[in-house]
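The sequence lines fix the lettering, A, B, ..., with proteins before strands; numbering per chain opens at 1.
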2 protein chains.
Amino acid sequence: MKRALTKRQNQIFEFIKKYTIENHKPPTIREICKKFNFRSTNSAYSVLKALEKKGYIQRTNLKARNININNFKFDRTQTELKEIPLVSTFDAQNPLTMFTNLNGTIKLDAKIFDTPPSFAVEVTDDGMQKEGILKGDIAIINQNSELKNGSIVFAVIKNEGLIRQYKNENNEIYLIPSNRGYGVLKFKEGDKNLWIGGEVSLIIRKLNR
Amino acid sequence: MKRALTKRQNQIFEFIKKYTIENHKPPTIREICKKFNFRSTNSAYSVLKALEKKGYIQRTNLKARNININNFKFDRTQTELKEIPLVSTFDAQNPLTMFTNLNGTIKLDAKIFDTPPSFAVEVTDDGMQKEGILKGDIAIINQNSELKNGSIVFAVIKNEGLIRQYKNENNEIYLIPSNRGYGVLKFKEGDKNLWIGGEVSLIIRKLNR
DNA sequence: CAATATACTGAACATTTGTTCAAAAATCAA
DNA sequence: TTGATTTTTGAACAAATGTTCAGTATATTG
(Lines give C-alpha, C1' and ligand atoms only; values in the text may rest on other atoms or scores of the structure.)
Protein backbone atom coordinates (compact mmCIF):
# COMPACT_ATOMS: atom_id res chain seq x y z
CA MET A 1 0.00 0.00 0.00
CA LYS A 2 1.37 3.35 -0.97
CA ARG A 3 1.95 5.78 1.82
CA ALA A 4 -0.18 8.89 1.78
CA LEU A 5 1.36 12.19 0.81
CA THR A 6 1.60 15.17 3.09
CA LYS A 7 -0.09 18.38 2.07
CA ARG A 8 3.08 19.92 0.76
CA GLN A 9 4.16 16.77 -1.03
CA ASN A 10 0.78 16.59 -2.70
CA GLN A 11 0.92 20.23 -3.79
CA ILE A 12 4.25 19.64 -5.43
CA PHE A 13 3.17 16.33 -6.92
CA GLU A 14 0.11 17.99 -8.45
CA PHE A 15 2.24 20.83 -9.78
CA ILE A 16 4.59 18.36 -11.43
CA LYS A 17 1.69 16.61 -13.13
CA LYS A 18 0.14 19.86 -14.28
CA TYR A 19 3.44 21.23 -15.52
CA THR A 20 4.20 18.03 -17.41
CA ILE A 21 0.84 18.02 -19.13
CA GLU A 22 1.14 21.65 -20.10
CA ASN A 23 4.76 21.67 -21.17
CA HIS A 24 5.28 18.17 -22.47
CA LYS A 25 8.15 17.78 -20.08
CA PRO A 26 8.66 17.69 -16.32
CA PRO A 27 9.86 20.79 -14.43
CA THR A 28 13.37 21.31 -13.17
CA ILE A 29 13.98 21.54 -9.46
CA ARG A 30 14.49 25.27 -9.74
CA GLU A 31 11.22 25.68 -11.60
CA ILE A 32 9.48 23.98 -8.70
CA CYS A 33 11.28 26.31 -6.33
CA LYS A 34 10.09 29.33 -8.26
CA LYS A 35 6.51 28.14 -8.17
CA PHE A 36 6.55 27.65 -4.42
CA ASN A 37 8.85 30.58 -3.62
CA PHE A 38 11.53 28.35 -2.20
CA ARG A 39 14.84 30.05 -1.63
CA SER A 40 16.74 26.79 -1.58
CA THR A 41 16.75 24.15 -4.23
CA ASN A 42 16.94 21.61 -1.48
CA SER A 43 13.39 22.48 -0.48
CA ALA A 44 12.08 21.01 -3.68
CA TYR A 45 14.79 18.42 -3.90
CA SER A 46 13.97 16.82 -0.58
CA VAL A 47 10.30 16.64 -1.44
CA LEU A 48 11.19 14.90 -4.69
CA LYS A 49 13.17 12.40 -2.69
CA ALA A 50 10.15 11.83 -0.47
CA LEU A 51 7.87 11.40 -3.49
CA GLU A 52 10.27 8.89 -4.91
CA LYS A 53 10.55 7.03 -1.65
CA LYS A 54 6.79 6.79 -1.45
CA GLY A 55 6.61 5.49 -4.99
CA TYR A 56 4.85 8.39 -6.68
CA ILE A 57 7.63 9.27 -9.04
CA GLN A 58 10.81 7.75 -10.35
CA ARG A 59 14.04 9.53 -11.09
CA THR A 60 17.51 8.86 -12.35
CA ASN A 61 20.35 10.79 -10.87
CA LEU A 62 21.92 13.83 -12.42
CA LYS A 63 19.64 14.09 -15.42
CA ALA A 64 17.78 17.28 -16.21
CA ARG A 65 14.01 17.13 -15.83
CA ASN A 66 14.18 13.53 -14.83
CA ILE A 67 10.89 13.12 -13.06
CA ASN A 68 8.83 10.18 -14.21
CA ILE A 69 5.37 10.10 -12.77
CA ASN A 70 4.13 6.67 -11.86
CA ASN A 71 0.75 6.15 -13.39
CA PHE A 72 -0.59 3.58 -11.04
CA LYS A 73 -1.62 5.12 -7.83
CA PHE A 74 -3.19 2.04 -6.34
CA ASP A 75 -0.66 -0.54 -7.27
CA ARG A 76 1.69 -2.27 -4.97
CA THR A 77 3.83 -3.67 -7.72
CA GLN A 78 5.80 -1.02 -9.50
CA THR A 79 4.59 -1.23 -13.06
CA GLU A 80 6.50 0.52 -15.73
CA LEU A 81 4.49 1.59 -18.72
CA LYS A 82 5.94 1.74 -22.16
CA GLU A 83 4.16 4.04 -24.52
CA ILE A 84 4.77 3.20 -28.13
CA PRO A 85 3.63 4.89 -31.32
CA LEU A 86 1.15 3.16 -33.59
CA VAL A 87 2.47 3.84 -37.06
CA SER A 88 0.36 3.85 -40.20
CA THR A 89 2.45 5.19 -43.07
CA PHE A 90 5.53 3.54 -44.45
CA ASP A 91 8.52 4.39 -46.57
CA ALA A 92 11.36 1.93 -46.96
CA GLN A 93 13.78 4.63 -48.02
CA ASN A 94 12.87 6.91 -45.17
CA PRO A 95 11.77 4.70 -42.33
CA LEU A 96 11.69 7.49 -39.81
CA THR A 97 8.91 9.31 -41.62
CA MET A 98 6.66 6.59 -40.27
CA PHE A 99 6.54 8.48 -37.05
CA THR A 100 5.10 11.60 -38.63
CA ASN A 101 1.58 10.36 -39.19
CA LEU A 102 0.79 8.45 -36.08
CA ASN A 103 -2.36 6.60 -35.39
CA GLY A 104 -2.07 7.36 -31.70
CA THR A 105 -0.11 5.45 -29.15
CA ILE A 106 -0.47 2.26 -27.17
CA LYS A 107 0.61 1.83 -23.60
CA LEU A 108 1.78 -1.54 -22.50
CA ASP A 109 2.95 -3.07 -19.28
CA ALA A 110 6.71 -3.10 -19.70
CA LYS A 111 7.13 -6.25 -17.67
CA ILE A 112 5.66 -8.41 -20.42
CA PHE A 113 8.64 -7.62 -22.62
CA ASP A 114 12.14 -8.97 -22.39
CA THR A 115 13.43 -6.04 -24.37
CA PRO A 116 11.57 -2.79 -24.85
CA PRO A 117 9.46 -2.58 -28.01
CA SER A 118 9.85 0.19 -30.55
CA PHE A 119 6.50 0.70 -32.19
CA ALA A 120 3.21 -0.89 -33.10
CA VAL A 121 1.64 -1.49 -36.48
CA GLU A 122 -1.63 -2.92 -37.70
CA VAL A 123 -1.36 -6.15 -39.68
CA THR A 124 -2.63 -5.45 -43.18
CA ASP A 125 -2.95 -8.88 -44.73
CA ASP A 126 -3.38 -12.54 -43.93
CA GLY A 127 0.02 -13.59 -45.18
CA MET A 128 0.92 -15.01 -41.77
CA GLN A 129 -2.48 -16.49 -41.07
CA LYS A 130 -1.14 -19.97 -40.42
CA GLU A 131 1.08 -18.52 -37.71
CA GLY A 132 -2.03 -17.15 -36.10
CA ILE A 133 -1.31 -13.57 -37.13
CA LEU A 134 -4.44 -12.17 -38.73
CA LYS A 135 -5.35 -9.06 -40.66
CA GLY A 136 -6.30 -6.34 -38.20
CA ASP A 137 -4.08 -7.61 -35.39
CA ILE A 138 -1.73 -5.15 -33.74
CA ALA A 139 1.88 -6.24 -34.00
CA ILE A 140 4.39 -4.85 -31.51
CA ILE A 141 7.79 -4.49 -33.13
CA ASN A 142 11.16 -4.72 -31.50
CA GLN A 143 13.52 -2.65 -33.58
CA ASN A 144 16.74 -3.70 -31.93
CA SER A 145 16.55 -7.45 -31.68
CA GLU A 146 18.92 -9.45 -33.80
CA LEU A 147 17.31 -11.04 -36.82
CA LYS A 148 17.70 -14.75 -37.29
CA ASN A 149 16.43 -16.95 -40.04
CA GLY A 150 12.91 -17.82 -39.08
CA SER A 151 12.23 -14.59 -37.17
CA ILE A 152 8.85 -13.03 -37.76
CA VAL A 153 9.58 -9.50 -38.88
CA PHE A 154 7.89 -6.32 -39.93
CA ALA A 155 9.21 -5.32 -43.34
CA VAL A 156 8.55 -2.21 -45.37
CA ILE A 157 8.65 -2.64 -49.12
CA LYS A 158 8.50 0.77 -50.76
CA ASN A 159 5.40 2.16 -49.10
CA GLU A 160 3.84 -1.02 -47.86
CA GLY A 161 4.29 -2.71 -44.52
CA LEU A 162 4.18 -6.49 -44.16
CA ILE A 163 4.59 -9.12 -41.49
CA ARG A 164 6.60 -12.07 -42.79
CA GLN A 165 9.09 -14.72 -41.87
CA TYR A 166 12.66 -13.58 -42.39
CA LYS A 167 15.39 -15.57 -44.07
CA ASN A 168 18.83 -14.39 -45.13
CA GLU A 169 20.79 -16.69 -47.42
CA ASN A 170 23.74 -15.84 -49.65
CA ASN A 171 23.12 -12.12 -49.21
CA GLU A 172 19.56 -12.54 -50.39
CA ILE A 173 16.72 -11.66 -48.07
CA TYR A 174 13.59 -13.73 -48.37
CA LEU A 175 10.25 -12.69 -46.91
CA ILE A 176 8.22 -15.81 -46.53
CA PRO A 177 4.48 -15.91 -45.90
CA SER A 178 2.95 -18.77 -43.96
CA ASN A 179 -0.10 -18.71 -46.17
CA ARG A 180 0.15 -20.28 -49.63
CA GLY A 181 -1.94 -17.56 -51.21
CA TYR A 182 0.93 -15.11 -50.85
CA GLY A 183 4.24 -15.24 -52.67
CA VAL A 184 7.76 -15.32 -51.31
CA LEU A 185 9.50 -11.99 -51.79
CA LYS A 186 13.20 -11.87 -52.56
CA PHE A 187 15.57 -8.93 -52.18
CA LYS A 188 19.28 -8.30 -52.47
CA GLU A 189 20.82 -7.29 -49.19
CA GLY A 190 21.02 -3.52 -49.19
CA ASP A 191 18.10 -3.01 -51.54
CA LYS A 192 16.85 0.48 -50.88
CA ASN A 193 13.27 -0.58 -51.45
CA LEU A 194 13.35 -2.85 -48.43
CA TRP A 195 13.56 -1.87 -44.81
CA ILE A 196 13.27 -4.40 -42.04
CA GLY A 197 11.58 -2.58 -39.20
CA GLY A 198 12.29 -5.22 -36.63
CA GLU A 199 11.09 -8.39 -35.06
CA VAL A 200 7.52 -8.99 -34.00
CA SER A 201 7.54 -9.44 -30.25
CA LEU A 202 3.85 -9.37 -29.44
CA ILE A 203 0.53 -9.80 -31.15
CA ILE A 204 -2.64 -8.20 -29.85
CA ARG A 205 -6.03 -8.99 -31.32
CA LYS A 206 -9.27 -7.38 -30.38
CA LEU A 207 -12.25 -9.63 -31.00
CA ASN A 208 -15.82 -8.63 -31.81
CA ARG A 209 -15.04 -5.56 -33.81
CA MET B 1 4.38 27.58 -45.99
CA LYS B 2 6.94 25.60 -44.13
CA ARG B 3 10.18 24.93 -45.90
CA ALA B 4 10.93 21.30 -46.60
CA LEU B 5 13.39 19.48 -44.41
CA THR B 6 16.52 17.80 -45.65
CA LYS B 7 16.92 14.11 -45.10
CA ARG B 8 19.10 14.55 -42.05
CA GLN B 9 16.91 17.23 -40.57
CA ASN B 10 13.91 15.00 -41.02
CA GLN B 11 15.62 12.05 -39.39
CA ILE B 12 16.44 14.11 -36.36
CA PHE B 13 13.01 15.72 -36.27
CA GLU B 14 11.34 12.32 -36.35
CA PHE B 15 13.65 11.04 -33.64
CA ILE B 16 12.71 13.97 -31.43
CA LYS B 17 9.02 13.24 -31.88
CA LYS B 18 9.43 9.55 -31.18
CA TYR B 19 11.59 10.19 -28.15
CA THR B 20 9.11 12.73 -26.81
CA ILE B 21 6.19 10.35 -27.17
CA GLU B 22 8.02 7.58 -25.43
CA ASN B 23 9.65 9.56 -22.66
CA HIS B 24 7.20 12.40 -22.09
CA LYS B 25 10.02 14.83 -22.56
CA PRO B 26 12.27 15.93 -25.41
CA PRO B 27 15.82 14.60 -25.74
CA THR B 28 18.92 16.55 -24.82
CA ILE B 29 21.36 17.53 -27.52
CA ARG B 30 23.77 14.87 -26.35
CA GLU B 31 21.06 12.23 -26.47
CA ILE B 32 20.49 13.14 -30.10
CA CYS B 33 24.22 12.91 -30.72
CA LYS B 34 24.32 9.46 -29.21
CA LYS B 35 21.46 8.26 -31.38
CA PHE B 36 23.13 9.49 -34.56
CA ASN B 37 26.70 8.76 -33.50
CA PHE B 38 27.73 12.40 -33.65
CA ARG B 39 31.05 13.20 -32.09
CA SER B 40 30.29 16.85 -31.73
CA THR B 41 27.33 18.31 -29.93
CA ASN B 42 27.31 20.99 -32.55
CA SER B 43 26.25 18.44 -35.13
CA ALA B 44 22.89 18.09 -33.44
CA TYR B 45 22.84 21.68 -32.27
CA SER B 46 23.11 23.13 -35.74
CA VAL B 47 20.34 20.90 -37.01
CA LEU B 48 18.14 22.09 -34.16
CA LYS B 49 18.87 25.64 -35.21
CA ALA B 50 17.84 24.76 -38.75
CA LEU B 51 14.65 23.10 -37.53
CA GLU B 52 13.82 26.17 -35.53
CA LYS B 53 14.55 28.47 -38.42
CA LYS B 54 12.24 26.45 -40.64
CA GLY B 55 9.51 26.59 -38.06
CA TYR B 56 9.31 22.96 -37.03
CA ILE B 57 10.32 23.45 -33.44
CA GLN B 58 10.70 26.26 -30.94
CA ARG B 59 13.39 26.59 -28.33
CA THR B 60 14.39 28.83 -25.48
CA ASN B 61 18.02 29.40 -24.88
CA LEU B 62 20.01 27.62 -22.24
CA LYS B 63 17.24 25.41 -20.96
CA ALA B 64 17.65 21.66 -20.71
CA ARG B 65 15.45 19.66 -23.08
CA ASN B 66 14.13 22.88 -24.51
CA ILE B 67 12.63 21.53 -27.70
CA ASN B 68 8.98 22.34 -28.32
CA ILE B 69 7.51 20.66 -31.35
CA ASN B 70 5.13 22.88 -33.28
CA ASN B 71 1.62 21.61 -34.01
CA PHE B 72 2.33 18.31 -32.38
CA LYS B 73 -0.58 16.41 -31.01
CA PHE B 74 0.21 14.81 -27.73
CA ASP B 75 -2.00 12.11 -26.44
CA ARG B 76 -2.34 13.44 -22.95
CA THR B 77 -5.58 11.72 -22.13
CA GLN B 78 -5.08 10.16 -18.78
CA THR B 79 -4.63 6.51 -19.46
CA GLU B 80 -6.72 4.39 -17.25
CA LEU B 81 -5.17 1.10 -16.43
CA LYS B 82 -7.20 -1.96 -15.82
CA GLU B 83 -5.50 -4.57 -13.73
CA ILE B 84 -6.94 -8.01 -14.29
CA PRO B 85 -6.13 -11.31 -12.65
CA LEU B 86 -4.46 -14.07 -14.60
CA VAL B 87 -6.25 -17.21 -13.46
CA SER B 88 -4.76 -20.66 -13.59
CA THR B 89 -7.02 -23.04 -11.69
CA PHE B 90 -10.55 -23.83 -12.67
CA ASP B 91 -13.66 -25.32 -11.14
CA ALA B 92 -16.95 -25.25 -13.00
CA GLN B 93 -18.95 -25.77 -9.84
CA ASN B 94 -17.12 -23.10 -7.93
CA PRO B 95 -16.00 -20.52 -10.44
CA LEU B 96 -14.97 -18.01 -7.82
CA THR B 97 -12.19 -20.24 -6.54
CA MET B 98 -10.37 -19.36 -9.76
CA PHE B 99 -9.48 -16.07 -8.25
CA THR B 100 -7.79 -17.51 -5.20
CA ASN B 101 -4.82 -19.03 -6.99
CA LEU B 102 -3.68 -16.31 -9.28
CA ASN B 103 -0.80 -16.40 -11.66
CA GLY B 104 -0.21 -12.73 -11.18
CA THR B 105 -1.99 -9.88 -12.87
CA ILE B 106 -1.87 -8.13 -16.22
CA LYS B 107 -2.32 -4.42 -16.66
CA LEU B 108 -3.89 -3.15 -19.84
CA ASP B 109 -4.70 0.21 -21.29
CA ALA B 110 -8.42 0.53 -20.62
CA LYS B 111 -9.04 2.50 -23.79
CA ILE B 112 -8.54 -0.53 -25.97
CA PHE B 113 -11.66 -2.11 -24.52
CA ASP B 114 -15.26 -1.27 -25.26
CA THR B 115 -16.32 -2.91 -22.04
CA PRO B 116 -14.04 -3.64 -19.15
CA PRO B 117 -12.53 -7.13 -19.10
CA SER B 118 -12.86 -9.47 -16.16
CA PHE B 119 -9.85 -11.72 -16.13
CA ALA B 120 -7.14 -13.30 -18.21
CA VAL B 121 -6.34 -16.92 -18.86
CA GLU B 122 -3.66 -18.78 -20.75
CA VAL B 123 -4.87 -20.78 -23.73
CA THR B 124 -4.13 -24.43 -23.05
CA ASP B 125 -4.77 -26.12 -26.37
CA ASP B 126 -4.87 -25.52 -30.11
CA GLY B 127 -8.61 -26.14 -30.43
CA MET B 128 -9.12 -22.67 -31.90
CA GLN B 129 -5.99 -22.63 -33.99
CA LYS B 130 -7.84 -21.86 -37.19
CA GLU B 131 -9.20 -18.74 -35.55
CA GLY B 132 -5.63 -17.68 -34.87
CA ILE B 133 -5.84 -18.48 -31.17
CA LEU B 134 -2.85 -20.58 -30.25
CA LYS B 135 -1.73 -22.56 -27.25
CA GLY B 136 0.11 -20.25 -24.88
CA ASP B 137 -1.75 -17.11 -25.91
CA ILE B 138 -3.26 -14.98 -23.20
CA ALA B 139 -7.01 -14.58 -23.62
CA ILE B 140 -8.73 -11.64 -21.98
CA ILE B 141 -12.23 -12.57 -20.92
CA ASN B 142 -15.25 -10.32 -20.66
CA GLN B 143 -17.52 -11.84 -18.09
CA ASN B 144 -20.53 -9.64 -18.65
CA SER B 145 -21.01 -9.57 -22.39
CA GLU B 146 -24.05 -11.27 -23.79
CA LEU B 147 -23.32 -14.60 -25.40
CA LYS B 148 -24.48 -15.11 -28.94
CA ASN B 149 -24.17 -18.13 -31.13
CA GLY B 150 -20.74 -17.86 -32.69
CA SER B 151 -19.14 -16.03 -29.79
CA ILE B 152 -15.68 -17.17 -28.80
CA VAL B 153 -15.93 -18.02 -25.13
CA PHE B 154 -13.89 -19.26 -22.24
CA ALA B 155 -15.58 -22.33 -20.79
CA VAL B 156 -14.72 -24.35 -17.72
CA ILE B 157 -15.58 -28.02 -17.86
CA LYS B 158 -15.08 -29.55 -14.43
CA ASN B 159 -11.53 -28.48 -13.72
CA GLU B 160 -10.41 -27.64 -17.20
CA GLY B 161 -10.56 -24.34 -19.03
CA LEU B 162 -11.10 -24.13 -22.78
CA ILE B 163 -11.50 -21.51 -25.47
CA ARG B 164 -14.24 -22.51 -27.91
CA GLN B 165 -16.98 -21.21 -30.13
CA TYR B 166 -20.31 -21.04 -28.35
CA LYS B 167 -23.62 -22.24 -29.70
CA ASN B 168 -26.92 -22.57 -27.86
CA GLU B 169 -29.65 -24.52 -29.61
CA ASN B 170 -32.73 -26.13 -28.09
CA ASN B 171 -31.37 -25.71 -24.57
CA GLU B 172 -28.22 -27.53 -25.53
CA ILE B 173 -24.88 -25.78 -25.33
CA TYR B 174 -22.30 -26.73 -27.92
CA LEU B 175 -18.60 -25.89 -27.59
CA ILE B 176 -17.17 -26.02 -31.06
CA PRO B 177 -13.45 -26.07 -31.87
CA SER B 178 -12.17 -24.56 -35.08
CA ASN B 179 -9.61 -27.29 -35.43
CA ARG B 180 -10.77 -30.68 -36.70
CA GLY B 181 -8.54 -32.57 -34.31
CA TYR B 182 -10.75 -31.58 -31.38
CA GLY B 183 -14.29 -32.76 -30.80
CA VAL B 184 -17.47 -30.77 -30.33
CA LEU B 185 -18.63 -30.80 -26.71
CA LYS B 186 -22.31 -30.88 -25.88
CA PHE B 187 -23.98 -29.93 -22.58
CA LYS B 188 -27.49 -29.52 -21.29
CA GLU B 189 -28.20 -25.97 -20.22
CA GLY B 190 -27.74 -25.83 -16.47
CA ASP B 191 -25.21 -28.65 -16.35
CA LYS B 192 -23.21 -28.11 -13.18
CA ASN B 193 -20.07 -29.37 -14.84
CA LEU B 194 -20.04 -26.47 -17.26
CA TRP B 195 -19.40 -22.85 -16.50
CA ILE B 196 -19.10 -20.27 -19.24
CA GLY B 197 -16.61 -17.74 -17.94
CA GLY B 198 -17.35 -15.15 -20.59
CA GLU B 199 -16.49 -13.95 -24.03
CA VAL B 200 -12.96 -13.60 -25.31
CA SER B 201 -12.39 -9.92 -26.01
CA LEU B 202 -8.66 -9.82 -26.62
CA ILE B 203 -5.84 -12.13 -27.52
CA ILE B 204 -2.24 -11.41 -26.58
CA ARG B 205 0.62 -13.46 -27.85
CA LYS B 206 4.23 -13.10 -26.91
CA LEU B 207 6.58 -14.34 -29.62
CA ASN B 208 10.07 -15.78 -29.18
CA ARG B 209 9.57 -17.39 -25.84
C1' DC C 1 31.06 30.98 -60.88
C1' DA C 2 30.32 32.81 -56.20
C1' DA C 3 27.47 32.71 -52.43
C1' DT C 4 24.81 30.10 -49.40
C1' DA C 5 23.20 26.35 -46.97
C1' DT C 6 24.21 21.88 -45.13
C1' DA C 7 26.81 18.40 -42.51
C1' DC C 8 30.05 17.43 -39.60
C1' DT C 9 34.50 17.66 -36.03
C1' DG C 10 36.88 19.33 -31.92
C1' DA C 11 37.60 22.06 -28.19
C1' DA C 12 36.49 25.23 -25.03
C1' DC C 13 33.22 27.87 -22.33
C1' DA C 14 28.81 29.42 -19.92
C1' DT C 15 24.77 28.25 -17.84
C1' DT C 16 21.62 25.33 -16.00
C1' DT C 17 20.57 21.75 -13.21
C1' DG C 18 21.13 18.18 -9.79
C1' DT C 19 23.49 16.93 -5.39
C1' DT C 20 25.40 17.27 -0.91
C1' DC C 21 26.40 19.19 3.69
C1' DA C 22 25.09 21.68 7.75
C1' DA C 23 21.56 23.65 10.24
C1' DA C 24 17.13 25.32 12.20
C1' DA C 25 12.19 25.55 12.86
C1' DA C 26 7.65 23.33 12.54
C1' DT C 27 4.77 19.37 12.66
C1' DC C 28 3.27 14.98 14.05
C1' DA C 29 2.99 10.44 16.35
C1' DA C 30 4.06 7.56 20.26
C1' DT D 1 7.62 15.36 26.25
C1' DT D 2 10.49 13.00 23.10
C1' DG D 3 11.94 11.57 18.88
C1' DA D 4 11.09 11.20 14.00
C1' DT D 5 9.61 13.32 9.99
C1' DT D 6 8.83 17.26 7.41
C1' DT D 7 9.81 21.83 5.77
C1' DT D 8 12.83 25.22 4.75
C1' DT D 9 17.33 27.94 4.33
C1' DG D 10 22.04 28.75 2.61
C1' DA D 11 26.12 27.72 0.48
C1' DA D 12 29.07 25.17 -2.25
C1' DC D 13 30.08 21.64 -5.53
C1' DA D 14 29.56 18.31 -9.45
C1' DA D 15 27.53 17.01 -13.52
C1' DA D 16 24.75 17.78 -17.34
C1' DT D 17 23.53 20.58 -20.89
C1' DG D 18 23.51 24.41 -24.10
C1' DT D 19 26.48 27.67 -26.70
C1' DT D 20 30.17 29.51 -29.31
C1' DC D 21 34.30 29.59 -32.17
C1' DA D 22 37.28 27.80 -35.66
C1' DG D 23 37.68 24.84 -39.27
C1' DT D 24 36.76 21.19 -43.14
C1' DA D 25 33.99 19.37 -46.68
C1' DT D 26 30.08 18.81 -49.68
C1' DA D 27 26.09 20.06 -51.93
C1' DT D 28 22.80 23.52 -53.64
C1' DT D 29 21.30 27.70 -55.67
C1' DG D 30 21.04 32.10 -57.94
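On the nucleic acid side, DNA chain C has its first and last nucleotide under 4.0 Å of a heavy atom of chain A at C/dT17 to C/dA22, going 5' to 3'.
Paired with A/Lys167 under the rule side chain to side chain contact (heavy atoms under 4.5 Å, CB included), one option of A/Leu147, A/Val153, A/Asn149 passes, and it is A/Asn149.
Distance from the side chain of A/Leu62 is smallest to D/dA15 among D/dT8, D/dA15, D/dT17.
Not one side-chain nitrogen or oxygen of A/Arg8 sits closer than 4.0 Å to the OP1 or OP2 atom of D/dT6. Between A/Gln9 and D/dT5 there is no side-chain N or O to OP1 or OP2 distance below 4.0 Å. Taking side-chain N and O atoms only, B/Arg30 has no distance below 4.0 Å to OP1 or OP2 of D/dG18.
Residue A/Phe38 is the one, among A/Phe38 and B/Pro27, whose nearest nucleotide of DNA chain D lies closer to the 5' end (criterion: closest heavy atom). Projected onto DNA chain C by closest heavy-atom contact, A/Glu31 and B/Arg39 fall at different nucleotides, the more 5' of which corresponds to B/Arg39.
For A/Arg30, there are no salt bridge (charged side-chain N to carboxylate O under 4.0 Å, His left out) partners two or more places apart in sequence or in a different chain. For B/Tyr45, there are no ring pair (Phe, Tyr, Trp, His ring centres under 6.0 Å) partners at least two apart in sequence or on another chain.
Residues B/Leu207 and A/Leu202 form no side-chain contact, since every pair of their non-hydrogen atoms from C-beta on lies 4.5 Å or further apart. Side-chain contact between B/Phe36 and B/Arg8 is present, with heavy atoms from C-beta onward closer than 4.5 Å. Within the 4.5 Å cutoff, the side chain of A/Pro177 has no heavy atoms near those of the A/Ile163 side chain.
D/dA16 atom C1' lies 15 Å from atom CD1 of B/Ile32, rounded to whole Å. As a whole-Å value, the separation of B/Asn66 CG from D/dA16 P is 18 Å. Spacing between atom NZ of B/Lys34 and atom P of D/dG18 amounts to 15 Å, rounded to whole angstrom units.
For the residue pair A/Asn66 and A/Arg59, no side-chain donor N or O sits within less than 3.5 Å of a side-chain acceptor on the partner.
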Open item on the list: Let's test your reading of the pairing rules: Watson-Crick or G-U wobble, both distances under 3.5 Å, then write DNA chain C as a dot-bracket string with ( ), [ ], | and dots.
Closed with: ||||||||||||||||||||||||||||||

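If you check every strand for non-hydrogen atoms under 4.0 Å, B/Ser43 touches a base.
Within the structure, side-chain hydrogen bond (donor to acceptor under 3.5 Å, both in side chains) pairs that include any residue of residues 124-133 of chain B comprise B/Asp125-B/Arg164, B/Gln129-B/Asn179 (at least two apart or interchain).
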- [ ] Sugar-phosphate atoms are those with a prime plus P, OP1 and OP2; base atoms are the rest. Using that split, label each nucleotide of nucleotides 20-30 of chain D B, S or - for protein heavy atoms under 4.0 Å, 5' to 3'.
- [x] BBB--------

Open item on the list: Show, in sequence, the C-alpha distance, side-chain angles and deciding distance for B/Ile32 and B/Ile16, and conclude whether the side-chain contact (heavy atoms from CB on, under 4.5 Å) test is met.
Closed with: CA-CA 8 Å; B/Ile32 299 172; B/Ile16 291 167; 4.2 Å; yes

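Ring planes of B/Trp195 and B/Phe119: parallel class, angle under 30° (limits at 30 and 60°).
A distance of 10.0 Å separates CG in B/Asp191 from CD1 in B/Ile157, rounded to the nearest 0.5 Å.
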